[in-house]
Amino acid sequence: MTCKEFLALLDDLIDGTVTADARAELESHLGRCGHCEVIFNTTRKTIEIYRSHEIYDLPTGLRDRLHAAIMARCKKGCT
Amino acid sequence: MAIIQPIAGEIEPHPDVALVERVRAGDVAAYDALVRKYERQVFRIAQHITQNREDAEDVMQDAFLKAYEKLDQFQGNSKFYTWLVRIAVNESLMRLRKRRTGKMVSIDEDITTDEGSVPRDLADWAPDPEQNFGQSELAEILRKTIQGLPQGFRIVFVLRDVEGLSTEETAETLGLSVPAVKSRLLRARLQLRERLSRYFHKRKGSKGSKPRETSLAETIPAQVTPGKTGVEKK
């Protein structure tokens with residue numbers, strides 16, 4: 001497997017959507033290619049960091065304003 | 001004879017289904033529960049698309065109000081969450097359109113760049129690189145980095161990787177084909193990785209932490225403009 005072929009399947013490897021055979025080939029390439037190993041590990045880490053860090057805090061009071069707006073719309077027929 | 005067990009998840013209805021039914025019956029508290037459950041996601045999506053805090057606040061408000069008013073149109077053959085996300089994405093794009101009066105806004109803009117589709121920075125990262133930064137500094141780095149991505153890549157990455165939609169749901173939400181989502185996702189991930197590398201390199205022995213442009217870049221036909229990667233596009 002070449003680095004280009006590895007890169008084409010990188011997402012599937014990260015997302016766990018490769019077949020067992022393809023996985024074995026990808027892992028064998030990873031064992032031999034330090035560069036692809038770095039790409040694989042750091043790409044996975046990139047996703048993990050964005051998933052686990054809140055970068056936009058929810059403004060305070062927004063929920064209350066929304067609740068008030070919803071209440072105003074449903075004066076009739078809401079409990 | 002063995003009893004065939006039903007597959008979990010196929011029989012159990014999603015908890016949102018009951019909440020939606022209660023809202024339809026006039027129970028506003030049930031809608032509050034849905035708001036609490038998804039307000040962060042909707043706000044984040046709006047912020048990622050509009051890149052403006054006030055707009056994101058308005059979008060969140062409008063999206064939840066619209067979802068509330070249109071709940072009767074919600075078919076229930078998709079998840080409430082993905083239906084809500086679709087509304088939030090549309091509201092965000094509309095807001096963006098308003099801000100750039102007269103200028104068309106689409107999720108296809110800015111995606112012609114090939115930057116980052118070939119990894120260039122091949123230096124390894126420090127273990128747990130985020131530990132080297134304070135919370136607010138890290139958040140700033142992550143914000144700046146993702147804001148620099150072309151819109152069409154950023155939305156795909158946010159929906160698929162941050163908000164947890166499937167590839168198919170992302171495609172449906174954005175009106176893209178599944179292959180288009182896959183291709184954008186790969187490029188978004190690689191570009192973010194490339195840009196974050198500037199901050200997360202191994203620091204000890206500064207020589208070793210220099211980006212190396214070797215075999216990968218040489219193996220793959222060059223599509224990138226040589227030069228500094230990670231330049232913030234405006």
Side-chain angles (χ1 to χ4, degrees), chain A residues 1-18 22 26 29-30 32-79, chain B residues 25-29 31-32 35-36 39-40 43-44 46-48 53 56-57 60-61 64-65 68-69 117-119 121-125 128-130 135 138-140 142-143 145-146 157-158 161-162 164 167 182 185-186 189-190 192-197 200 212 214-216 218-221:
Chain A
M1 172 174 277
T2 64
C3 295
K4 187 181 178 180
E5 287 164 341
F6 177 86
L7 206 57
L9 289 171
L10 176 68
D11 273 350
D12 293 327
L13 183 63
I14 288 173
D15 297 334
T17 52
V18 278
L26 289 160
H29 180 82
L30 272 182
R32 284 179 279 111
C33 179
H35 290 145
C36 284
E37 195 188 5
V38 168
I39 301 296
F40 174 65
N41 289 334
T42 53
T43 305
R44 221 167 36 166
K45 185 76 187 167
T46 297
I47 299 164
E48 188 201 311
I49 286 178
Y50 273 103
R51 220 172 255 172
S52 58
H53 288 85
E54 192 70 78
I55 61 172
Y56 294 117
D57 291 329
L58 195 68
T60 48
L62 190 51
R63 186 194 293 166
D64 293 341
R65 291 205 293 283
L66 176 58
H67 178 79
I70 288 166
M71 291 309 286
R73 302 249 174 148
C74 72
K75 274 180 194 148
K76 42 205 186 287
C78 291
T79 52
Chain B
D27 179 357
V28 187
Y31 199 66
D32 282 340
V35 170
R36 275 197 300 279
E39 60 189 354
R40 286 181 188 284
F43 182 73
R44 271 199 303 257
Q47 179 79 62
H48 277 296
R53 199 168 173 84
E57 289 188 22
M60 185 187 130
Q61 186 111 339
F64 274 112
L65 279 175
Y68 182 77
E69 284 170 345
S117 55
V118 179
D121 191 332
L122 301 172
D124 205 358
W125 290 4
D128 300 320
E130 66 270 43
Q135 276 295 329
L138 178 67
E140 181 60 24
L142 297 177
R143 272 196 298 272
T145 303
I146 199 164
F157 179 81
V158 167
D161 278 346
V162 182
T167 303
K182 284 186 171 176
L185 183 65
L186 176 63
R189 286 172 167 179
L190 289 175
L192 284 175
R193 186 207 76 84
E194 193 88 23
R195 289 157 185 243
L196 285 182
S197 287
F200 293 164
R212 290 169 289 160
T214 43
S215 69
L216 257 185
E218 284 158 14
T219 321
I220 303 166

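First the proteins, then the strands, lettered A, B, ... as listed; each starts at 1.
- Note on B/Lys182 versus A/Asp11: no salt bridge recorded, every NZ/NE/NH1/NH2 to OD/OE distance being 4.0 Å or above.
- A/Leu10 touches chain B through its side chain: at least one heavy atom from C-beta onward sits under 4.5 Å away, while N, CA, C and O do not.
- Only the side chain of B/Leu138 comes within contact range of chain A, with at least one heavy atom under 4.5 Å from a heavy atom of that chain.
- The closest side-chain heavy-atom distance from B/Asp32 to A/His67 is below 4.5 Å.
- For chain A, the nearby parts of B/Asp161 are the backbone and the side chain; heavy atoms of each come within less than 4.5 Å.
- Annotation: maximal heavy-atom pairing with chain A below 4.5 Å, among B/Gln135, B/Glu130, B/Glu140, occurs at B/Glu130.
- Of the atoms belonging to B/Leu196, it is side-chain heavy atoms, and not backbone ones, that fall under 4.5 Å from chain A.
- For B/Glu69, the part sitting under 4.5 Å from any heavy atom of chain A is the side chain, from C-beta outward, and nothing else.
- You'll find the side chain of A/Lys45 stays beyond 4.5 Å of the side chain of B/Arg193, heavy atoms only.
- Per-residue counts of heavy-atom pairs under 4.5 Å with chain B were compared for A/Asp57, A/Asp15, A/Asn41; the largest is that of A/Asp15.
- Atom NE2 in A/His35 sits 13.0 Å away from atom CZ in A/Phe6 (nearest 0.5 Å).
- In terms of non-hydrogen atom pairs under 4.5 Å with chain B, the most contact-rich of A/His53, A/Arg63, A/Arg51 is A/Arg63.
- Interatomic distance, CD of B/Glu57 versus CG of A/Leu58, reported as 8.5 Å (0.5 Å rounding).
- Ranking B/His48, B/Arg40, B/Met60 against chain A, the residue ahead of the rest is B/His48, based on heavy-atom pairs under 4.5 Å.
- A side chain to side chain contact (heavy atoms under 4.5 Å, CB included) with B/Arg189 is found for one member of A/Ile39, A/Ile47, A/Thr42 and no other, namely A/Ile47.
- At distances below 3.5 Å, not a single donor-acceptor pair connects side-chain atoms of A/Tyr50 with backbone N or O atoms of A/Ile55.
- With chain A as the partner, the residue from B/Leu65, B/Val35, B/Val162, B/Val158 showing the most heavy-atom pairs under 4.5 Å is B/Leu65.
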